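Working notes for the structure below.
Keep in mind the model is a prediction, meaning the values are calculated, not measured.
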Amino acid sequence: MAQGLEKSKNKSEELKSLSENLKTVAKEREKEVAPEKLRIKDAIEKQNGKEMRIHARNMVRMRQEVANDHQISRRIDSMVDYFDKEPEQSAVFSFIPTIVEAIDSSLAPGNSKKLATTVDEIEKRYFSAEVVSKFKYSSITENRPVFMSEEEKLCNLIQKVADEYKLKVSVRLEHSPGMSPTVRDEVKWFDDSQVKTKSTSWFNIFACYM
């Protein structure tokens, strides 16, 4: 019995390797976040609104890529768990090479959307809805943050960096036309001739964590 279980696990070894590769990529991307945060700090000190937005956008993108890599890794781990529990003679093992090839071909850097779509298609094609419902998804998927527009994310992130380093943002940033009037009225950036009177606590209600 133990020998048969070991053979089954060996058949899913390539999937395990793909999952570990994604974890490694996520760790490498996490290392890139801190320098970008310091660039936002430098831009705030220089009161360069354009640079603030550029580096804040980069940091938001990096975080999302890291979150996506961890999420996909968890989904692949769930597939591995499923295969490892199947009897050695199960026909499902014949699916593994095709699944590995599909995932491997979607692992291009910065293309996490394509990878997520590929995993979606794999789950629908090779696993029943009941099995997929039992797969272990990351807390990022299970507990989605409240929706924020890109503009809200950028303003929130810039303000949090400013607060962390006890800096003041004293340049005006243009807001997206798609931002609601309420949000546009609440989120204000002042130039040097103005005094910032609104509390920054409003920014902290968002789920754009650091």
Side-chain angles (χ1 to χ4, degrees), residues 4-36 54-154 157 178 207-210:
L5 181 61
E6 188 62 33
K7 288 183 179 178
S8 299
K9 289 186 175 182
N10 289 339
K11 291 179 181 180
S12 59
E13 199 62 40
E14 287 185 271
L15 276 176
K16 292 179 184 178
S17 178
L18 288 177
S19 176
E20 289 304 315
N21 287 344
L22 276 172
K23 290 183 178 74
T24 300
V25 169
K27 288 180 181 178
E28 291 301 315
R29 286 177 173 166
E30 284 174 352
K31 294 177 183 177
E32 298 173 0
V33 174
E36 204 65 33
I54 289 173
H55 297 304
R57 186 175 288 109
N58 287 344
M59 190 169 170
V60 168
R61 173 183 52 78
M62 289 173 183
R63 285 174 170 172
Q64 188 59 55
E65 288 176 351
V66 169
N68 289 343
D69 287 339
H70 282 303
Q71 180 197 45
I72 298 300
S73 176
R74 286 290 297 273
R75 294 171 73 177
I76 295 174
D77 286 343
S78 292
M79 293 181 196
V80 171
D81 288 345
Y82 171 80
F83 286 125
D84 285 350
K85 292 173 184 176
E86 284 292 293
E88 182 191 353
Q89 66 274 17
S90 175
V92 299
F93 290 111
S94 63
F95 304 154
I96 293 180
T98 304
I99 292 174
V100 170
E101 183 179 357
I103 293 175
D104 196 39
S105 65
S106 302
L107 284 176
N111 203 357
S112 57
K113 184 176 180 180
K114 179 182 178 182
L115 180 57
T117 299
T118 298
V119 174
D120 286 342
E121 292 173 350
I122 288 171
E123 289 178 344
K124 290 177 182 177
R125 181 173 180 181
Y126 297 106
F127 304 93
S128 68
E130 181 181 3
V131 169
V132 172
S133 70
K134 295 178 181 178
F135 280 178
K136 296 177 298 185
Y137 287 84
S138 70
S139 58
I140 294 171
T141 303
E142 295 167 350
N143 302 308
R144 291 181 181 277
V146 177
F147 173 77
M148 288 188 291
S149 69
E150 179 184 18
E151 192 69 24
E152 291 165 353
K153 289 179 182 179
L154 298 184
L157 179 54
C208 188
Y209 50 87
M210 298 195 56

Note: Ser19 and Ile76 closest approach over all heavy atoms is CB-CG2, 4.0 Å
Pairing residues for Tyr82 by the ring pair (Phe, Tyr, Trp, His ring centres under 6.0 Å) criterion, not counting sequence neighbours:
Phe127
For Ser94, the side-chain contact (heavy atoms from CB on, under 4.5 Å) test, sequence neighbours excluded, returns none
Restricting to non-hydrogen atoms, name the atom on Ala26 and the atom on Val66 that form the minimum distance, rounded to 0.1 Å.
O-CG2, 3.8 Å
The criterion is salt bridge (Lys or Arg N to Asp or Glu O under 4.0 Å); which residues satisfy it with Arg125, sequence neighbours excluded?
none
Which heavy atom of Ala116 sits nearest a heavy atom of Arg75, and at what distance?
O-NH1, 4.2 Å
Would you say the side chain of Val25 lies within less than 4.5 Å of the side chain of Arg29, judging by non-hydrogen atoms?
yes
Output yes when Asp69 and Lys27 qualify as a salt bridge under the 4.0 Å nitrogen-oxygen rule, no when they do not.
no
So, for Val92 and Phe83, which heavy atoms are closest and what is the spacing to 0.1 Å?
O-CE2, 3.5 Å
Does Glu14, at its CD atom, have more than 12 non-hydrogen atoms belonging to other residues, nucleotides or ligands within less than 6.0 Å?
no
Any non-hydrogen side-chain atom of Glu28 less than 4.5 Å from a side-chain atom of Glu32?
no
Donor-acceptor pair, distance only, cut-off 3.5 Å: does the side chain of Ser149 make one with the backbone of Glu152?
yes
The residue among Arg57, Arg61, Met59 that forms side chain to side chain contact (heavy atoms under 4.5 Å, CB included) with Glu36 is Met59
Minimal non-hydrogen separation, Ser12 against Val80, with atom names
OG-CG1, 3.9 Å
Below 4.5 Å, heavy atoms only, C-beta onward: do Phe95 and Thr98 meet side chain to side chain?
no
Under the rule for salt bridge (Lys or Arg N to Asp or Glu O under 4.0 Å), what residues qualify as partners of Glu20, not counting sequence neighbours?
Lys23
Counting C-beta onward and ignoring hydrogens, is there a side-chain heavy-atom pair between Phe135 and Arg74 closer than 4.5 Å?
no
Is any side-chain heavy atom of Val119 closer than 4.5 Å to a side-chain heavy atom of Gln71?
no
Report yes if the side chains of Ile122 and Met79 come closer than 4.5 Å at any heavy-atom pair, otherwise no.
yes
Give the minimum heavy-atom separation between Glu130 and Ser133, together with the two atoms involved.
O-OG, 2.6 Å
Can you tell me how far the NE2 atom of His55 sits from the CG atom of Leu157, to the nearest 0.5 Å?
12.0 Å
Donor-acceptor pairs under 3.5 Å, side chain of residues 100-107 to any protein atom, not counting sequence neighbours: which ones?
{"from": "Ser105", "atom 1": "OG", "to": "Glu101", "atom 2": "O", "distance (Å)": "3.2"}
{"from": "Ser105", "atom 1": "OG", "to": "Ala102", "atom 2": "O", "distance (Å)": "2.8"}
{"from": "Ser106", "atom 1": "OG", "to": "Ala102", "atom 2": "O", "distance (Å)": "3.1"}
{"from": "Ser106", "atom 1": "OG", "to": "Thr118", "atom 2": "OG1", "distance (Å)": "2.8"}

Sorted by chain and number, sequence neighbours left out, side-chain contact (heavy atoms from CB on, under 4.5 Å) with Thr117 holds for Glu121
